[in-house]
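Values below: every heavy atom of this structure, side chains too, minus hydrogens, waters and symmetry copies.
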Amino acid sequence: MADILQDVRIEAPVSSVFEAISTPAGLDSWWTKSSSGEPREGAEYRLQFGPGHDWGAKVVACQPGVRFELQMTDADADWEGTRIGFEGVPN
């Protein structure tokens, strides 16, 4: 599977961005309809995207304020094993 990398400039403190991509409240504000989990390595997340799309993921990397990565563990077949990561670089 190919890697897709994208650089996005966000005018906000790294701590705010990290909260938005790693906490259930943050994820629910822009990505999921509802979610649960803890931003710590090894934790399990539930990601609800709508009817029939209640997915699971595992935190495979978590460095607060720096890096956060989920691996899909229970999702549609084309998403199984997909890793979604974020790495913050202060300006």
Side-chain angles (χ1 to χ4, degrees):
M1 182 181 297
D3 290 337
I4 299 172
L5 304 173
Q6 185 172 6
D7 288 333
V8 177
R9 183 178 178 87
I10 299 172
E11 293 291 333
V14 172
S15 60
S16 296
V17 175
F18 187 80
E19 183 175 324
I21 56 95
S22 67
T23 67
L27 292 171
D28 294 350
S29 73
W30 68 275
W31 192 36
T32 55
K33 291 197 177 282
S34 67
S35 61
S36 62
E38 289 183 48
R40 63 174 172 75
E41 201 163 322
E44 299 288 331
Y45 269 64
R46 293 308 306 170
L47 307 167
Q48 175 65 34
F49 295 101
H53 299 285
D54 181 16
W55 293 357
K58 182 175 184 176
V59 179
V60 294
C62 184
Q63 295 171 277
V66 178
R67 183 169 179 233
F68 186 74
E69 188 172 343
L70 294 170
Q71 182 169 8
M72 304 308 286
T73 58
D74 178 21
D76 289 351
D78 56 341
W79 277 86
E80 283 285 331
T82 297
R83 292 171 76 131
I84 302 158
F86 302 88
E87 192 166 325
V89 179
N91 295 331

Using the salt bridge (Lys or Arg N to Asp or Glu O under 4.0 Å) rule, collect all pairs that involve residues 59-69, keeping only residues at least two apart or in two chains.
-> R67-E69, E69-R83

Partners meeting side chain to side chain contact (heavy atoms under 4.5 Å, CB included) with E41 (sequence neighbours left out) | none

Which ILVMFWY residues can you reach from W55 by hopping between side chains whose heavy atoms are under 4.5 Å apart?
-> F18, I21, L27, W30, W31, Y45, L47, F49, V59, F68, L70, M72, W79, I84, F86

Search all heavy atoms of T23 against all heavy atoms of P39 and return the closest pair with its distance.
-> CG2-CG, 4.3 Å

Where at least one partner belongs to residues 42-51, residue pairs that pass salt bridge (Lys or Arg N to Asp or Glu O under 4.0 Å), sequence neighbours excluded | R46-D54, R46-D74

Of all heavy-atom pairs linking G37 and P24, the shortest is O-CG, 3.3 Å

What is the minimum heavy-atom distance between E38 and A43, and which atoms define it?
-> O-CB, 3.2 Å

Can you pull the salt bridge (Lys or Arg N to Asp or Glu O under 4.0 Å) pairs that have at least one residue in residues 28-37, sequence neighbours excluded?
-> none

